[in-house]
Amino acid sequence: KAGVTQTPRYLIKTRGQQVTLSCSPISGHRSVSWYQQTPGQGLQFLFEYFSETQRNKGNFPGRFSGRQFSNSRSEMNVSTLELGDSALYLCASSLPMGVHNEQFFGPGTRLTVL
Amino acid sequence: DAKTTQPPSMDCAEGRAANLPCNHSTISGNEYVYWYRQIHSQGPQYIIHGLKNNETNEMASLIITEDRKSSTLILPHATLRDTAVYYCTLRTNTGNQFYFGTGTSLTVIP
């Protein structure tokens, strides 16, 4: 079974620009979560999507948004990039609620904001 | 506010048991304890989870105290490949919202 894939793997942007990251979950997984990882803050939850609806949201500003498509693929968008948005962005997929919710993580997208 | 607290780093001799502690004193009755690990430059990998009973699988054992305010992950025979950052995290049964924190960096020494 193919794992979680994320594209692109590396990205360089400048302040003020916007960026869109993509995540393809494991086949059959309908829940997709996004995390931001930085050396100082560790791994922080951004949001979770299930059946095309945002089900949970972390404590991030509105510049961070996401969506999920009918095939469970998900995208996250960051607008008006700031230097502090430089991070590894991880996507994780899992089965719907009611079963053991092991999250399977992708390799991440490394975003650098200059 | 951090839901879990872990020591920032630990060392363990190869072949010995690695015991990684985690405090979660504000855990709610419907929150599960999950452990993940992250090897440099890879996404986190699931290890084990539990609610209130001790659990064991092929990778590790999880010991949860009776009051559920702390837990210990045990790697019975640590190898060099177990060198990683280990995260203790909580999840409610109402969604996939995990609070990871900054984890424990485990170094297995030859």
Side-chain angles (χ1 to χ4, degrees), chain A residues 3-6 9-10 21 23-26 29-51 53-60 66 68 72 74 87-110, chain B residues 1-9 20 22-24 28 30-53 55-60 62 64 73 84-106:
Chain A
V4 177
T5 58
Q6 293 186 245
R9 293 292 312 278
Y10 302 91
L21 312 181
C23 172
S24 292
I26 291 172
H29 286 191
R30 292 166 56 194
S31 169
V32 174
S33 299
W34 288 89
Y35 294 84
Q36 181 195 66
Q37 186 170 34
T38 59
Q41 299 297 320
L43 203 58
Q44 293 186 286
F45 173 79
L46 279 157
F47 30 65
E48 180 210 4
Y49 284 86
F50 175 72
S51 292
T53 302
Q54 188 179 88
R55 185 162 65 174
N56 287 291
K57 188 178 188 304
N59 188 26
F60 277 81
Q68 187 179 33
S72 295
S74 177
L88 180 67
Y89 289 87
L90 291 158
C91 162
S93 76
S94 63
L95 291 167
M97 289 304 305
V99 297
H100 158 43
N101 279 67
E102 173 184 348
Q103 289 200 316
F104 294 83
F105 283 81
T109 294
R110 174 75 62 185
Chain B
D1 291 340
K3 284 181 169 280
T4 63
T5 55
Q6 300 175 252
S9 64
L20 292 90
C22 179
N23 286 321
H24 30 80
S28 300
N30 64 350
E31 287 184 312
Y32 289 74
V33 180
Y34 275 70
W35 283 82
Y36 283 78
R37 73 179 183 185
Q38 185 175 28
I39 297 171
H40 183 62
S41 78
Q42 298 180 20
Q45 174 194 24
Y46 166 83
I47 301 173
I48 198 168
H49 79 287
L51 182 62
K52 55 183 178 181
N53 297 320
E55 303 288 345
T56 296
N57 63 19
E58 65 279 4
M59 289 183 67
L62 173 61
I64 303 174
L73 177 75
V85 178
Y86 288 77
Y87 295 97
C88 166
T89 178
L90 305 181
R91 182 187 71 80
T92 69
N93 59 9
T94 58
N96 284 326
Q97 189 165 0
F98 287 79
Y99 299 91
F100 277 88
T102 53
T104 296
S105 178
L106 175 69

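Lettering of chains follows the sequences in order, A, B, ..., and the numbering in each one begins at 1. None of the values given here were measured: they were computed from a predicted structure.
Contact annotation for A/Gln37: only side-chain heavy atoms (C-beta onward) come within less than 4.5 Å of a heavy atom of chain B. At a 4.5 Å heavy-atom cutoff, the contact between A/Leu43 and chain B is made by backbone and side-chain atoms alike.
Here the CZ atom belonging to B/Phe98 is positioned 7.0 Å from the OG atom belonging to A/Ser94, to the nearest 0.5 angstrom.
Annotation for A/Leu90 and B/Pro44: closest pair CD1-CD, 3.9 Å, computed over non-hydrogen atoms.
Within a 6.0 Å sphere centred on NZ of A/Lys57, other residues, nucleotides and ligands contribute more than 12 heavy atoms.
Legend: residues meeting side-chain contact (heavy atoms from CB on, under 4.5 Å) with B/Val85, ordered by chain and number and at least two apart, are B/Tyr87, B/Ser105. In this view, B/Gln45 and B/Arg37, B/Met59 satisfy the side-chain contact (heavy atoms from CB on, under 4.5 Å) rule, not counting sequence neighbours.
Judged purely by atom type and a 3.5 angstrom limit, B/Tyr36 uses its side chain to pair as donor or acceptor with the backbone of A/Gln103.
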